Amino acid sequence: MPIVRFRYITFLLALGCAGIIIAIALNRPSPFAFLDYSHAQSFKILFLSIILEAIPFILLGVLFSGLLQVFVTDEMIRKFTPKNPIAGVLFGGLLGLAFPLCECGMIPVVRRLIRKGMPAYIGIVYLLAGPVVNPIVFTATFAAFRSAPEMAYARLILAFAVAVIIGLIMHVFMRKSPLRDEREPQLAVHSSHGDYHGHHHHNDAHDHVHSHKPKHDHSHSHGHHHEEPRGSLSSRLSAMLGHASDEFFEMGKYLIFGAMLTAAIQTIMDRSVLASVADQPLLSYMAMMAFAFILSICSTSDAFIAASFGNVFTGGPLLAFLVFGPMIDFKNMLMLLSAFRIKIVLALALLCFILVGLGSWIMEVWL
Amino acid sequence: MKHHLLRAFILTAFALLIVYLSRSNQLSLYIAPRMELYVKLSALGLYAAAIHQLFLALKKRRQQHQHTAECGCEHTPSPSVFKNTVIYSLFIFPLALGFFSPAGVLGSTAAAKKGVSFAASTNVQPLGTEPGQLAASLPEPSASIAPKPPTLEERFPYDEYTKAHAEYGMKLYQKPNITVPEATYIETLTTLDLYRDNFMDKTIDISGFIYKEDDMGEQRFAVSRFAMTCCSADAIPYGLMVQVSSADDYKGFAADDWVSVSGKLMTSMYNGNEILTLKLNTIKRIEAPESPYVYANYDF
């Protein structure tokens, strides 16, 4: 059970945190190398910097999601998305060009879109392709690989292709809603709104008649999303802020958890182990994808890291790093768990791993 | 209501953390300058959300009685106090670290894990050109029968991607002493590496922190700085190797000390690569700079 597991993990984490605080407070080397003062210092810097960097983007994401919730009706979303699955996945893959959000900001927006009636497989394509297929990331990749501009194009093409294929697979095989069953919120921070989540099942949401008076407690009134885009501007704004901060806390706990783990791993892990597998054909791809997973940095800045490995790895593994990281990484996978069912998240991670590995191996011919 | 109050408190604390880090000049330890504005703006957003939560808490308290009577829907209390405590502590942990632990910078411990980039040029190599080819395309004065020195343009061949580096290289070439400045730290190192044959035996000044690794041997150490793109999680150390004739030449200097060194440019072998190396002339201790990081220069 995820709940039970989460409890153990948090308990262990609490112990680890206490250790780090003690190490910092004592300000001297401890018998454990990884609790050494300078390690604790790098952990703190990495941990806080990941959180600080993510905050603006998460805020942007939850605000955008709140805007969608309060000002856009389900009918508008329905009308907007193509009915044909092929057109749908292509639409989802290119949505990042119109709404360039990074992976942190993407999750609340995609969840909102799916709840508002966008077919889930299209939402997933946007989720996977969006962090790469957008102008900002393309420019950054181009800048990092000045001498090898084909890398920027290859990244764009492979990310788009992988997302589209996964979208089609999801269209064929996914029967249930990929979103978590929100009748029983597993984590408690938003449990005060447990009632509001209960109303979000698409099937019954529309014939759901509620006897509530339109104006009462906030956490209630925003439960009925199909009623939302009505009412005065100030009540809409208030509802939007309410949604935004609910989602901020939901995402936030996963973000902090992810930032903590990735900072700890980065503090301990020696990157030179990567170089030792650089000449092994299969391992080099897997190692670079695992590295991207652990790093959990934004898709706008990972190109520079990849470029710094340019003298160690060939183009293929670097491309795998550049495409896999934005789609699935530690921080982002934990944040996905706040919105999606664990099976879906694992299936997505596995599919991405296989398809990106295969795709970048094929594309190495041109790199 | 308790939840709203706690949330209001946490949101305010995050907003205040950003303000505090910015006021105490620590924000640059975590975030690149071009990101700072967004982070500061998000403090405003967090603050607005905090006020909204506070407002909700008060509203809820006022309505608590009539509310339950009116619609009969209960607000499920948190299923487990323990779980709530753990989750809210998760939010408090980074706050506590940010406010109460001493400020520090990434140093040689982190550099050892990340691996210092000595050959910055590999990613800026002209397309289809092997490292050796570039040098070979230059007329070698000693090899030719009529020793006509190559013109400046001939010394700095470029393609569309290395044009800026070639132009910068020509400027550097005419100087007797080359300083690696903070604003174009990476670009200068890249240029030196890209056109390394032109700069052999020139005097280079560079500053940074000392980084030592076992396989460098007694007579070598590195002077490097972290280059940051967005946040310190993506910072990569860049630097130059420094060669001394005996370990006594830098006695009294330890890893993480900030130094300014001056020396003649040469090359040495490191992990199977021929990397740029300075033959040490002078070394002196300097104050740690305000920001330990250098940034890619987008105007270059």
Side-chain angles (χ1 to χ4, degrees), chain A residues 7 10 14 17 21 24 38-39 41-42 44-53 55-56 59 63 144-148 187-189 191-192 194-195 212 216-218 220 238 241-242 244-245 248-249 252-253 256-257 266-267 269-272 295 297-298 300-302 304-305 307-308 310-311, chain B residues 3 7 11 14 18 29-31 35 38-39 41-42 45-46 48-49 52-53 56 60 63 67 70-71 73 75-76 78-80 83-84 86-87 89-91 93-94 97-98 101 104 106-107 109-110 113-115 117 119 122-127 161-162 229-234 236 273 296:
Chain A
R7 182 173 295 177
T10 40
C17 297
I21 290 176
I24 292 177
S38 57
H39 280 117
Q41 225 12 294
S42 0
K44 175 203 156 188
I45 291 171
L46 295 176
F47 177 49
L48 284 185
S49 82
I50 293 171
I51 293 176
L52 286 175
E53 201 215 0
I55 283 179
L59 276 184
L63 273 182
F145 284 88
R146 267 187 169 183
S147 64
L187 295 165
V189 165
S191 64
S192 61
D195 47 354
H212 291 173
H216 63 104
D217 179 67
H218 153 78
H220 254 274
S238 165
L241 268 177
S245 52
F248 182 77
F249 276 87
K253 58 178 182 262
I256 293 173
F257 191 68
Q266 281 196 60
T267 311
M269 193 192 89
D270 198 329
R271 287 192 193 176
S272 58
L295 265 185
I297 47 171
C298 215
T300 49
S301 54
D302 59 357
F304 291 90
I305 302 252
S308 81
N311 51 345
Chain B
H3 278 289
R7 284 175 177 208
L11 288 167
F14 268 104
I18 293 171
L29 300 180
Y30 302 102
I31 297 289
M35 294 292 303
Y38 303 114
V39 175
L41 282 178
S42 67
L46 290 169
H52 185 252
Q53 290 291 324
L56 285 182
K60 221 173 195 175
Q63 290 183 344
H67 178 69
E70 244 175 49
C71 65
C73 48
H75 289 261
T76 20
S78 53
S80 146
K83 228 193 292 177
N84 273 331
V86 168
I87 286 167
S89 330
L90 205 58
F91 283 88
F93 177 55
L97 271 185
S101 71
L106 288 180
T109 318
K113 299 292 180 195
K114 295 189 177 207
S117 272
T122 332
N123 56 317
V124 207
Q125 208 64 247
L127 260 182
Y161 303 109
T162 51
T229 311
C230 282
C231 69
S232 40
D234 61 40
I236 316 162
N273 292 317

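Computation of the quantities below employed the complete heavy-atom set of this structure, encompassing side-chain atoms and omitting hydrogens, waters and symmetry-equivalent molecules. These figures come from a predicted structure and were not determined experimentally. By convention in this document, chain letters (A, B, ...) are assigned in the order of the sequence lines, proteins followed by strands, and residues within each chain are numbered from 1.
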Report which part of [X] has an atom under 4.5 Å of a heavy atom belonging to chain A: side chain, backbone, both, or neither.
X: Ile236(B); answer: side chain
X: Leu46(B); answer: both
X: Ser232(B); answer: both

Walk me through it: do His39(A) and Thr109(B) pass the test side-chain hydrogen bond (donor to acceptor under 3.5 Å, both in side chains)?
-> CA-CA 7 Å; His39(A) 280 117; Thr109(B) 318; 5.7 Å; no

For chain B, find which of Asp270(A), Ile51(A), Leu295(A) contributes the most heavy-atom pairs closer than 4.5 angstrom.
->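 It is Asp270(A).
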
Provide the closest heavy-atom pair for Arg7(B) versus Ser245(A) in the form atom of the first, atom of the second, distance.
->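 Heavy atoms only, the tightest pair is NH1-O, 4.1 Å.
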
Measuring from atom [atom1] of [X] to atom [atom2] of [Y], what distance do you get when rounded to the nearest 0.5 angstrom?
X: Phe249(A); Y: Ile87(B); atom1: CZ; atom2: CD1; answer: 11.5 Å
X: Thr229(B); Y: Ile305(A); atom1: OG1; atom2: CD1; answer: 6.5 Å
X: Leu56(B); Y: Ser238(A); atom1: CG; atom2: OG; answer: 6.0 Å
X: Lys253(A); Y: Leu90(B); atom1: NZ; atom2: CG; answer: 9.5 Å
X: Leu52(A); Y: Ile18(B); atom1: CG; atom2: CD1; answer: 6.0 Å
X: Asp234(B); Y: Phe304(A); atom1: CG; atom2: CZ; answer: 9.0 Å

Interchain contact, Ile45(A) with chain B, by part (heavy-atom threshold 4.5 Å) =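 Ile45(A) touches chain B through backbone and side-chain heavy atoms alike.
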
For chain A, find which of Ala110(B), Cys230(B), Pro94(B) contributes the most heavy-atom pairs closer than 4.5 angstrom.
->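 Result: the option with the highest number of such pairs is Pro94(B).
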
